[in-house]
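Below: one structure, written as structure tokens.
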Amino acid sequence: IKMIEDQGVNMATTGASQGSAAAKKGKTDPRDPDFVIKYEKSNFSKGDQEGGVAEFYQLISVAIGMVAFLTRQKWACWVALFFYYTSSINARSDARLQHILTGISIVLIAFVNIYMTP
């Protein structure tokens, strides 16, 4: 019985020393208010800041504009124009001119191909 009690005391002292070592390493309770990350709306709007929606609409505009150009479908040309306007409205102010000109040129070429050629 004495041996079992000695082992219990020995385990208790090693547990206490491990606890103090953990405190020295800086491990604390994760529920501590210092570890709480405050909610910021800007964290969730980073995708919109990068112009994700506007670029997606521009990609759709170019793709449907090419469909309108190749198949001479009038509805596709108007849908491409709609998506181009939507992308230009949602674009960032520092959007590249190349992206803007690519979208409108595909749509204009499709309109010319459909309405002005025999």
Side-chain angles (χ1 to χ4, degrees):
I1 296 180
K2 175 88 168 134
M3 182 189 274
I4 293 174
E5 289 175 0
D6 290 340
Q7 286 179 353
V9 169
N10 204 9
M11 291 177 83
T13 58
T14 57
S17 66
Q18 288 175 352
S20 63
K24 289 178 185 175
K25 290 182 182 178
K27 293 183 180 179
T28 59
D29 189 10
R31 295 172 291 181
D32 187 21
D34 295 334
F35 290 114
V36 174
I37 299 173
K38 303 291 183 194
Y39 171 77
E40 293 179 18
K41 189 175 181 179
S42 62
N43 288 342
F44 295 102
S45 63
K46 287 182 181 174
D48 293 336
Q49 290 174 356
E50 296 174 3
V53 175
E55 289 179 3
F56 178 69
Y57 285 155
Q58 188 172 12
L59 178 66
I60 291 174
S61 170
V62 169
I64 294 176
M66 289 301 293
V67 168
F69 174 71
L70 296 174
T71 62
R72 297 181 57 103
Q73 296 288 327
K74 291 181 181 180
W75 64 267
C77 193
W78 287 103
V79 170
L81 183 65
F82 170 76
F83 276 107
Y84 172 74
Y85 282 144
T86 306
S87 70
S88 63
I89 289 169
N90 291 325
R92 296 180 299 172
S93 61
D94 61 341
R96 292 180 57 189
L97 184 64
Q98 179 184 4
H99 294 292
I100 296 168
L101 292 179
T102 300
I104 193 64
S105 64
I106 295 292
V107 173
L108 287 177
I109 288 170
F111 267 105
V112 168
N113 185 32
I114 292 171
Y115 287 104
M116 295 190 180
T117 58

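As the structure is a prediction and not an experimental result, all values here were calculated from the model.
Under the 4.5 Å side-chain heavy-atom criterion for grouping Ile, Leu, Val, Met, Phe, Trp and Tyr, Met116 is not connected to Leu108 through any hydrophobic cluster. Put simply, Ile106 and Trp75 are part of two different groups of oily side chains (I, L, V, M, F, W, Y) that touch within less than 4.5 Å, one to the next.
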Distance-only check: which donor-acceptor pairs under 3.5 Å involve side-chain atoms of residues 56-68, not counting sequence neighbours?
| from | atom 1 | to | atom 2 | distance (Å) |
| --- | --- | --- | --- | --- |
| Gln58 | NE2 | His99 | O | 2.1 |
| Ser61 | OG | Ala80 | O | 3.1 |

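Considering CG of Asn113 and CZ of Phe69, their distance stands at 5.0 Å, rounded to 0.5 Å.
Hydrophobic cluster membership for Ile89: none, as no Ile, Leu, Val, Met, Phe, Trp or Tyr side chain comes under 4.5 Å of it.
Leu81 is linked by a side-chain contact (heavy atoms from CB on, under 4.5 Å) to Trp78, Tyr85, Val107, Phe111, counting only residues two or more places apart in sequence or in another chain.
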